[in-house]
Each structure stands twice: as C-alpha cells, then as structure tokens.
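Sequence positions, counted from 1, serve as the residue numbers for this chain.
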Amino acid sequence: MALPDRAQSALLRIAQGALANIREHAGATSAAVTLTYLDDQVVLDVADDGRGFDPADRPGGVRGHGLPAMRVRAEQLGGTLTVESVPGEGTVLSAAIPLDPEP
C-alpha cells in the first residue's frame, strides 16, 4: 500500500528531528530506525542507547521545539507521538499514523 505524500513527508521530518535530537543531546553510540506497516497504521520507531532523560523533569514532558513539532506533525494526520525514556537507558520515539485517517 502506498503511503500518502503528506504522511511520507511527516514521517521523514519526524525521523530527521529524532535523529537530530539523538546527535545533539543523547550521547548515543547507536540508533535504530524502523518503519512498520500494520493493518490500520504505519509506525515509525527511532531508538537510541544514549543517556536518556526523565520526561517528568520537563515542563509538559518536553523541552525545546523539536518534540512538540514532531507531535504536531503526527497529530495533523490523526496520529500520535510517544516518547519513552529512562535516564541511563536511552530513548524510544514512536510516531503512529493511521493509513485511513478520520476526516
């Protein structure tokens, strides 16, 4: 199934933003990017083995503009963005975009 252009663009930008955050903040030695097509959605996961962080230490769970911008991109397509991180254990960012979004 072909992914709509808007979804392709959003997922590309989210992946670029996540990788830029890893480069700038994580101190990671490796990162993995996966794109998974499920029955009703496509899921982008970006994981790193960096220093991680406690999302509770951030006002609103985020700092800066990168994560909020990624969240907006996903939500504009009816999707979600989740970030799981633990200090010393890296971070996993997941963006899920419906294949048939609600109007």
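The shortest distance between side-chain heavy atoms of Leu44 and Ile97 does not fall below 4.5 Å. At a threshold of 4.5 Å between non-hydrogen side-chain atoms, the residues Leu3 and Leu11 count as touching. Leu93 places a side-chain heavy atom less than 4.5 Å from the side chain of Ile14.
In the hydrophobic clustering of this structure, Tyr37 groups with Val46; members are Ile, Leu, Val, Met, Phe, Trp, Tyr whose side-chain heavy atoms approach within less than 4.5 Å, directly or through other members. Leu19 and Val92 end up in different hydrophobic clusters when Ile, Leu, Val, Met, Phe, Trp and Tyr side chains are linked at under 4.5 Å.
Nearest heavy-atom pair across Gly17 and Met70 is C-CE, 3.6 Å.
Looking at residues two or more places apart in sequence or on another chain, you find a side-chain hydrogen bond (donor to acceptor under 3.5 Å, both in side chains) between Asp45 and Ser94. With sequence neighbours excluded, the residues that form a side chain to side chain contact (heavy atoms under 4.5 Å, CB included) with Arg6 are Gln76, Leu77. In this view, Arg51 satisfies the side-chain hydrogen bond (donor to acceptor under 3.5 Å, both in side chains) rule with no residue, not counting sequence neighbours. Checked against side chain to side chain contact (heavy atoms under 4.5 Å, CB included), Glu75 has the following partners two or more places apart in sequence or in another chain: Arg71.
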May I have the list of side-chain donor-acceptor pairs in residues 78-90 shorter than 3.5 Å, sequence neighbours left out?
from	atom 1	to	atom 2	distance (Å)
Ser85	OG	Phe53	N	2.8
Ser85	OG	Phe53	O	3.2
Ser85	OG	Gly90	O	3.1
Ser85	OG	Thr91	OG1	2.8

Only pairs under 3.5 Å count here: list side-chain donor-acceptor contacts from residues 29-36, not counting sequence neighbours, and write none if there are none.
from	atom 1	to	atom 2	distance (Å)
Thr29	OG1	Asp49	OD1	3.4
Thr29	OG1	Asp49	OD2	2.5
Ser30	OG	Asp49	OD2	3.2

